[in-house]
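Remember, it's 1-based here, ligands and their atoms both numbered in the order they're listed.
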Amino acid sequence: MEEDVKKKSSIGVIGAGIQGVCLSLYLIKKGFHVTLIDRDEPGKNSASYGNAGHFSPYASVPFNRPDILTDVPKMLLSSKGPLALKWNYVPKMIPWILKFIKNCNTKKMMHTAKYMHQILDLSLPAYDELFDEIDISGLVESKGIIYFWTNKDLKSRELEIRIRNELGIKQQLLTPHEIHDLEPNIKKIYHGGVLYPNARHAKNPRKILQKLFDLFIKKGGHFEKQNVQKINFSSDGQPIIKTDLKFYNFQKIVIACGAFSKKLTDQVNEKIPLDTERGYHVHFKGHDHLLSRPIIFLNRGFGMTPMEQGLRVVGTVELGGLDNPPSKKRILNLVNNAKYLFPELEQHQDEWLGFRPTLPDYLPVIGPSKNHKNLFYSFGHHHLGWTLGAISGKILAGMIAEEKTNLDLSPYKSGRFS
Ligand SMILES: Cc1cc2nc3c(=O)[nH]c(=O)nc-3n(C[C@H](O)[C@H](O)[C@H](O)COP(=O)(O)OP(=O)(O)OC[C@H]3O[C@@H](n4cnc5c(N)ncnc54)[C@H](O)[C@@H]3O)c2cc1C
């Protein structure tokens with residue numbers, strides 16, 4: 001009987017990025033009626049389109065490390081480094097920055113590492129469940145990911161390598177020779193590296209998202225291209241979504257709008273300190289043959305992934321909010337860094353700015369709202385939202401279906417900030 005009620009429940013999911021689409025698929029699998037709402041075509045320009053395409057189950061060591069605070073001034077002064085500020089946004093971001101600093105201690109770092117590991121470890125099997133139902137041939141490669149560095153940077157890597165060893169994550173230290181054997185086209189500036197052999201990469205994140213979305217529609221899901229303005233609740237707690245043009249009633253709704261989620265959570269009176277780390281990409285078309293797998297050059301904090309669109313050069317953490325225009329300087333920085341590793345590169349294409357959704361403790365929010373029983377959240381997956389799409393969807397769909405789990409989900413609660 002209870003099962004029948006669940007089956008008839010209607011769920012509205014706001015946001016058709018990788019989080020919203022994977023969640024919608026897992027909800028459909030459980031028998032819910034699902035309507036996905038997005039102001040844009042799925043994956044047209046969102047973070048889920050422009051990311052580096054890494055499936056990174058190893059990446060549980062967070063940014064809130066104690067040593068990061070001493071590195072920040074150096075990073076900000078370097079024109080080649082990954083960190084940048086939009087100064088007009090800094091005053092607005094001070095509360096987030098203060099909360100981030102509070103999280104930069106060993107205890108909090110290890111807490112984040114443990115609970116990121118809990119979901120990262122399940123991330124690939126969760127995708128495989130979805131990929132079993134679509135044709136991803138040629139779209140996902142399983143060749144691992146290489147990080148490399150020059151001598152200078154080795155020390156700061158030691159912490160990450162140690163924690164990953166403690167968590168039982170597969171990693172293989174590489175000599176310069178081994179790096180050259182794996183990726184012979186990179187200029188030989190490196191002194192060491194590490195291969196994460198279990199990592200995979202997407203050859204075209206947008207195509208994968210589109211295939212998952214098509215499967216959702218094929219399985220009876222609905223899509224509404226609408227801009228959500230407001231969420232209200234009826235006197236008995238049923239959510240009502242107001243878009244530019246329409247009203248929608250659902251039994252339960254989910255906010256999965258990536259970095260834009262805060263615009264909606266603020267309205268429902270839950271003060272969640274979500275902000276964005278802006279990142280960029282450019283393509284060097286026709287140059288994807290230069291690499292077999294993604295690489296990350298740690299000294300300059302950027303990466304390159306061979307994709308269908310060409311060699312995608314990705315990086316930068318720019319603290320600057322959602323409304324500032326893109327920075328030409330950051331694009332130039334990426335282009336110059338790419339040419340440093342591959343001097344043969346010439347003209348780049350497709351300058352793109354995207355928004356990582358980031359909370360100051362570097363854990364996502366997955367679960368119910370603190371204030372409204374029929375409202376759920378899935379956002380804040382920062383640098384790992386592509387990797388975590390399927391597992392977050394699977395976990396949240398299980399919560400909505402009121403299923404039991406052996407996982408400890410309390411660290412992902414929205415209420416942890418109040
Ligand atoms: C440069 C860069 C590189 C990255 N590389 C990687 C990587 O290699 N691996 C990895 O795991 N992660 C990576 N990430 C992170 C990852 O891309 C994001 O965490 C993830 O895509 C977030 O997915 P999402 O579905 O939460 O949000 P999004 O992809 O941002 O989707 C949110 C959706 O909500 C919609 N929306 C917003 N507001 C409204 C509204 N009011 N009404 C209707 N619709 C709305 C938007 O149109 C959008 O479609 C990277 C991110 C960046 C920026």
Side-chain angles (χ1 to χ4, degrees), residues 12-24 36-59 82 116 119-120 123-124 127 145 199-202 205-206 208-209 212-213 223-231 241-244 248 253-265 267 274 276-282 294 296 301-305 307 312-318 322 326 330 334 352-359 362 364-366 377-393 396:
V13 177
I14 313 169
I18 195 67
Q19 295 301 325
V21 170
C22 290
L23 167 67
S24 299
L36 190 50
I37 305 175
D38 199 300
R39 59 190 174 203
D40 232 328
E41 300 302 330
K44 187 164 174 225
N45 197 34
S46 60
S48 301
Y49 149 68
N51 58 70
H54 305 172
F55 296 95
S56 309
Y58 60 86
M116 284 305 285
I119 48 179
L120 283 167
S123 60
L124 297 184
Y127 264 118
I145 294 178
R200 302 178 185 167
H201 75 273
R206 180 190 280 171
I208 294 173
L209 185 70
L212 293 169
F213 174 76
F223 178 66
E224 294 280 318
K225 192 169 170 216
Q226 296 278 332
N227 180 40
V228 174
Q229 281 188 352
K230 209 164 168 33
I231 295 168
I241 292 178
K242 179 179 182 298
T243 69
D244 291 345
Y248 297 88
I253 61 168
V254 182
I255 298 175
C257 294
F260 299 87
S261 301
K262 187 170 166 59
K263 298 197 175 183
L264 296 175
T265 55
Q267 280 181 22
L274 179 72
T276 185
E277 294 175 80
R278 296 151 57 104
Y280 293 83
H281 85 216
V282 297
I296 293 186
F302 81 104
M304 299 171 95
T305 305
M307 289 201 178
R312 181 175 283 188
V313 187
V314 190
T316 293
V317 166
E318 186 180 54
L322 297 168
R330 299 314 305 171
L334 277 186
W352 175 84
L353 162 67
F355 303 99
R356 300 182 191 90
T358 305
L359 291 146
Y362 279 82
V365 168
I366 308 169
Y377 302 138
S378 184
F379 56 74
H381 298 78
H382 55 86
H383 296 242
L384 291 164
W386 178 254
T387 307
L388 292 170
I391 186 59
S392 305
L396 189 54

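- Between A59 and L384 the shortest heavy-atom distance is O-CD1, 3.4 Å.
- By the 30° and 60° cut-offs, the orientation of the rings of F55 relative to W386 is tilted.
- The protein heavy-atom contact nearest to atom 13 (C) of ligand 1 is H383 O, 3.1 Å.
- Between the side chain of T387 and the backbone N or O of H54 there is at least one donor-acceptor pair closer than 3.5 Å.
- For ligand 1, the polar-atom distance check finds no N/O of I14 at less than 3.5 Å from any of the ligand's N/O atoms.
- Of all atoms in ligand 1, numbered sequentially from 1 with element shown, those under 4.0 Å from a heavy atom of N227 are 40 (C), 41 (N), 42 (N).
- When each atom of ligand 1 is checked for a heavy atom of I18 under 4.0 Å away, the hits are 23 (O), 25 (O).
- Cation-pi contact between R330 and F302: absent, since separation from the ring centre below 6.0 Å together with deviation from the ring axis within 45° is not met.
- Under the side chain to side chain contact (heavy atoms under 4.5 Å, CB included) criterion, S48 pairs with I18, S46, L209, not counting sequence neighbours.
- For the residue pair Q229 and D244, a side-chain donor N or O sits within less than 3.5 Å of a side-chain acceptor on the partner.
- Distances from atom 5 (N) of ligand 1 to the heavy atoms of A52, P205, G43, P364 put A52 nearest.
- Between F355 and F260, the ring planes are perpendicular. Angles over 60° get that label, and only those under 30° would be called parallel.
- Close contacts between ligand 1 and S46 involve ligand atoms 28 (P), 29 (O), 30 (O), 31 (O), 48 (C), 49 (O) [criterion: under 4.0 Å to a heavy atom].
- Heavy atoms from both the backbone and the side chain of N51 come within less than 4.0 Å of ligand 1.
- Among all non-hydrogen protein atoms, the one lying nearest atom 41 (N) of ligand 1 is V228 O, 3.0 Å.
- Neither the backbone nor the side chain of S261 has a heavy atom within less than 4.0 Å of ligand 1.
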